[in-house]
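In this text the structure is predicted, and so the values were computed from the model without any measurement.
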Amino acid sequence: MEDRITEEEVLGKAYDARLMNRLIRYLVPYTKAVIVAGVLLVFVSVFAIAGPILTQYAIDNYISAGDYAGLTSITALFILISAVSFVFQYFHFYIMQMTGQRIMYDMRNQIFSHLQSLQLSFFNRNPVGRLVTRLTSDVDALNELFSSGVVTIIGDILLLFGLVFMMFYYNVELAVITLSVVPPLFITAFLFKKKAREGFRNIRIFIAKINSFLQENITGMKIVQLFNREDKNYRQFDRINADHLNAYLKTILYFSVFFPAVEVLSAVAVALIIWFGGIAIISNEFTWGELVAFVLAAQRFYRPIQDLSEKYNILQAAMASSERVFKLLDTVDEIPDNPGAVNLENVKGDIEFKNIWFAYKGEDWVLKDVSFKIKQGEKVAIVGATGAGKTTIINLLGKFYRIQKGEITIDGINSENITKESLRKAVGIVLQDVFLFSGSVRENITLANDAITEEELIQAAKDVHAYDFISKLTNGFEEEVLERGSNFSTGQKQLISFARALVYNPKILVLDEATSNIDTETEILIQKALNRLMEGRTSVIVAHRLSTIKNVDRIIVLHKGRVREDGTHQELLRQRGIYYKLYALQYREQETINDVSQESPY
Ligand SMILES: Nc1ncnc2c1ncn2[C@@H]1O[C@H](COP(=O)(O)OP(=O)(O)O)[C@@H](O)[C@H]1O
Ligand SMILES: [Mg+2]
């Protein structure tokens, strides 16, 4: 957890031309909006400089001359400019925020659709939390760049230049004196922003720690109380909580120093202006109006300078985020469709594994020289101990990983030359861990495919014996499925996943049987459902229950990644090999369990 957070928080350069070029491309669809916003910003900056100038003019030309009419009209002009500036700022802000949000929207869609295209091994290497961060925090950091960063930096610089120019125009010496306050101001602001950022980073790290600690302790409360861990865990929590408090107190310190410091610096600047400006007025080198304009200008200086250091941080964060986002977007699927890949059509359902070698990592062979043939319509079970490589075989059949050696053919066509889409249409896979999405039961079966009719849906549910319990739900097919299907029993989830496979009517059915215990009644239902599922299809079943094995035509025994036995139930029993031992073992267990209770795990 800690590692992950530090990785997320690493910051590098504030400007990277390569990343910037790529980021700018996201602005392209919104070029017009950005140009309009930019033009508005130029006007807003010019108007901001107009304030001190108008004041100077009013004092020196109208107030000192007692010109009521002139004073009234210049005041009116001042108000008019302020009003126009308000409207321009409104549009500028609105346009930039809107553009930022649109870009975020585009980016999130792009990242999500890219994620979907990636091979499963990618998700083994990258924790969920990290990927979610790409779509959320990282995209947010970029949004800030677009909505407040890029364009407004230009405005800030423009405003600064305008003010400096004005000061030098009025009085060179006084301009130099006023500007002498700028370097310390800039340094103060910069240091503060840096420290505050570090502080907030620490706060976020400790918040994350508190969260994960809480999550673990709340979900594991039973264990905590069972093992009398309350005191120990309380002390542990107290430590993390105190770290969080201290991190916060530190940032409060920075804040309490920074704002008064800026006040003091700006007061010093004003004092210097009044002193030197006053002397200049006494010696008639300077007017009252110019003095007031100077004071106003000096005060307008501080915001853009503070903002600039803020924007530096935004830029830095955005560069780091974009680096990570682009790295993700640049990760390509390791198994793209071959250029000449064909669509599987009129699938018969012949499968052949020819001398397959496969490893998830390097040379740790999980499958070793695996070969077998499954003919159209045949029902084959794969059995073997946990870790033998059964699920791996299914993963390869579904083309979720790239095989290192050998080939898999479907209807005689090398699966490397079959498009992934048509292959997955032909092969219906029911996974060991049934996964239900949050949504309705209907959506979980049809996966929101509108081509599936109501009749087909009901028929599929009836065929797998799921209809009975679904129709008893308060809302039937519309019943809400909670996250990960927590409001359904294991057996019900399994039946729903069967219906999902059946409704797509695949020619090849692949099923990784769930190992979890279910009651006998549900087991009988599932067995019936299974028989219906296998009808008229080539079926590959990873079997854990004896009942399943009895109904298949053939059994393949996998042991430590190798096919060790292959034949019918009777043949394998006669061989007195691994299958015989497995069978005897399970049979004995079942007997004992039946003695103890009515619930059988097999
Ligand atoms: N995603 C993975 N990354 C690395 N190793 C894996 C992965 N999935 C499975 N393995 C390893 O491959 C071997 C076979 O696993 P698996 O095919 O799931 O076995 P089975 O389904 O027969 O229990 C095991 O040693 C397991 O640790
Ligand atoms: Mg498995």
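- Ion pairing between a basic and an acidic side chain is recognised when a charged N comes within 4.0 Å of a carboxylate O; R442 and E454 show such pairing.
- Q527 places no side-chain N or O within 3.5 Å of a backbone atom of E523 that could act as its donor or acceptor partner.
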* Applying side chain to side chain contact (heavy atoms under 4.5 Å, CB included), run through L214 and F237 and close with a yes or a no. => CA-CA 8 Å; L214 275 179; F237 182 77; 4.2 Å; yes
* To do: With side chain to side chain contact (heavy atoms under 4.5 Å, CB included) as the test, would you mind laying out the steps for L23 and L142 before giving the verdict?
  => CA-CA 9 Å; L23 280 173; L142 292 176; 3.8 Å; yes
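- Residues L558 and G389 share a closest heavy-atom pair of CD2-C, 3.5 Å.
- Using a distance-only test at 3.5 Å, with no hydrogens or angles considered, no donor-acceptor pair links the side chain of R424 to the main chain of I429.
- A donor-acceptor pair is defined here as one N or O able to donate and one able to accept, closer than 3.5 Å; no such pair exists between the side chain of D238 and the backbone of Y234.
- Between N417 atom CG and I413 atom CD1 the span is 8.5 Å, to the nearest 0.5 Å.
- Between V342 and S422, the shortest heavy-atom distance links the atoms O-OG, 4.0 Å.
- The 12-atom threshold is exceeded at NZ of K379, counting heavy atoms of other residues, nucleotides or ligands nearer than 6.0 Å.
- A pairwise comparison of heavy atoms in P506 and A501 identifies CD-O, 3.1 Å as the closest pair.
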Using a 3.5 Å cut-off and no angle test, enumerate the donor-acceptor pairs between side-chain atoms of residues 361-370 and protein atoms at least two apart in sequence or in another chain.
| residue | atom | partner | partner atom | Å |
| --- | --- | --- | --- | --- |
| K368 | NZ | K560 | O | 3.2 |
| D369 | OD1 | N355 | ND2 | 2.9 |

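- Residue Q215 places its CD atom among 12 or fewer non-hydrogen atoms of other residues, nucleotides or ligands, all under 6.0 Å distant.
- Each of V441, L482, V434 was compared with F488 under the side chain to side chain contact (heavy atoms under 4.5 Å, CB included) criterion, and only V441 meets it.
- The side chain to side chain donor-acceptor pair (under 3.5 Å) test with R554 is passed by exactly one of E378, E571, H569: E378.
- Within 6.0 Å of atom CZ in F400, more than 12 heavy atoms from other residues, nucleotides or ligands are found, so the atom counts as buried in its surroundings.
- Using a cutoff of 4.0 Å between basic side-chain nitrogens and carboxylate oxygens, D512 and K390 are not scored as salt-bridged.
- A donor-acceptor pair is defined here as one N or O able to donate and one able to accept, closer than 3.5 Å; such a pair exists between the side chain of Q492 and the backbone of S489.
- Residues D463 and Q459 have side chains that bring a donor and an acceptor to within less than 3.5 angstrom of each other.
- Y467 is linked by a side-chain hydrogen bond (donor to acceptor under 3.5 Å, both in side chains) to nothing, counting only residues two or more places apart in sequence or in another chain.
- Looking only at atom types and distance, the side chain of R537 has a donor-acceptor partner in the side chain of N505 under 3.5 Å away.
- Looking only at side-chain heavy atoms (C-beta outward), L423 and S415 come within less than 4.5 Å of each other.
- No side-chain heavy atom of V542 sits under 4.5 Å from any side-chain heavy atom of T391.
- The nearest pair of heavy atoms linking A499 to A460 is O-CB, 4.1 Å.
- Distance check, rounded to the nearest 0.5 Å: CG of D138 to CD of E323 gives 11.0 Å.
- The structure places CD of E455 at 10.5 Å from NZ of K462, a figure rounded to the nearest 0.5 Å.
- At most 12 non-hydrogen atoms from other residues, nucleotides or ligands lie less than 6.0 angstrom from NZ of K373.
- Looking at every heavy atom in both residues, G377 comes nearest to T538 through N-OG1, 3.0 Å.
- At most 12 non-hydrogen atoms from other residues, nucleotides or ligands lie less than 6.0 angstrom from CZ of R564.
- Contact check for L115 versus F122: side-chain heavy atoms found under the 4.5 Å cut-off.
- Between I452 and E456, the shortest heavy-atom distance links the atoms CA-OE1, 3.4 Å.
- Judged purely by atom type and a 3.5 angstrom limit, Q404 uses its side chain to pair as donor or acceptor with the backbone of A359.
- Under a cutoff of 6.0 Å and an axis angle of 45°, R576 and Y580 form a cation-pi pair.
- Residues Q376 and K507 form no side-chain contact, since every pair of their non-hydrogen atoms from C-beta on lies 4.5 Å or further apart.
- Side-chain contact between V380 and D553 is absent, with no heavy-atom pair separated by less than 4.5 Å.
- Atom CD of E216 has 12 or fewer heavy atoms from other residues, nucleotides or ligands within 6.0 Å.
- More than 12 non-hydrogen atoms from other residues, nucleotides or ligands lie less than 6.0 angstrom from CG of D330.
- Side-chain polar atoms of T409 and N414 form no donor-acceptor pair below 3.5 angstrom.
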* To do: Please test V563 against F353 for side chain to side chain contact (heavy atoms under 4.5 Å, CB included), starting from the C-alpha separation and ending with a verdict.
  => CA-CA 11 Å; V563 173; F353 273 55; over 6 Å; no
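- Ion pairing of K375 with D350 is absent here, as no side-chain N (NZ or NE/NH1/NH2) approaches a carboxylate O to less than 4.0 Å.
- Put simply, CD1 on I394 and CG on L431 are 7.5 Å apart, with the number rounded to the nearest 0.5 Å.
- In this structure, the side chain of D411 engages the main chain of G349 through a donor-acceptor pair within 3.5 Å.
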Enumerate, atom names and distances included, each donor-acceptor pair closer than 3.5 Å involving a side-chain atom of residues 97-113, sequence neighbours excluded.
| residue | atom | partner | partner atom | Å |
| --- | --- | --- | --- | --- |
| T99 | OG1 | I95 | O | 2.6 |
| D106 | OD2 | Y30 | OH | 2.7 |
| Q110 | OE1 | Y26 | OH | 2.6 |

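- Defined by atom type and a distance below 3.5 Å, a donor-acceptor pair is present between the side-chain atoms of T392 and Y360.
- In this structure a side-chain-to-backbone donor-acceptor pair under 3.5 Å is present from N449 to A451.
- Side chain of N487 to main chain of E480: a donor-acceptor pair is present (N/O by atom type, distance under 3.5 Å, no hydrogens or angles).
- At a threshold of 4.5 Å between non-hydrogen side-chain atoms, the residues I445 and F477 count as touching.
- Counting non-hydrogen atoms of other residues, nucleotides and ligands closer than 6.0 Å to CZ of F326 gives a total above 12.
- For H465 and F498, the gap between ring centers reaches or exceeds 6.0 Å.
- With values rounded to the nearest 0.5 angstrom, L397 atom CG is found 7.5 Å from I374 atom CD1.
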* **side chain to side chain contact (heavy atoms under 4.5 Å, CB included) between E565 and Q575, worked out** => CA-CA 9 Å; E565 292 166 20; Q575 276 185 24; 3.6 Å; yes
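- In this structure, L533 CG and S539 OG are separated by 8.0 Å, a value rounded to the nearest 0.5 Å.
- Under the 4.0 Å criterion applied to side-chain N and carboxylate O atoms, K420 and D337 are not assigned as salt-bridge partners.
- Counting heavy atoms from C-beta on, the side chains of V383 and I556 never come closer than 4.5 Å.
- The closest side-chain donor-acceptor pair between D566 and Y579, if any, does not fall under 3.5 angstrom.
- F206 has its side chain out of reach of N241: every pair of non-hydrogen atoms, C-beta onward, lies at least 4.5 Å apart.
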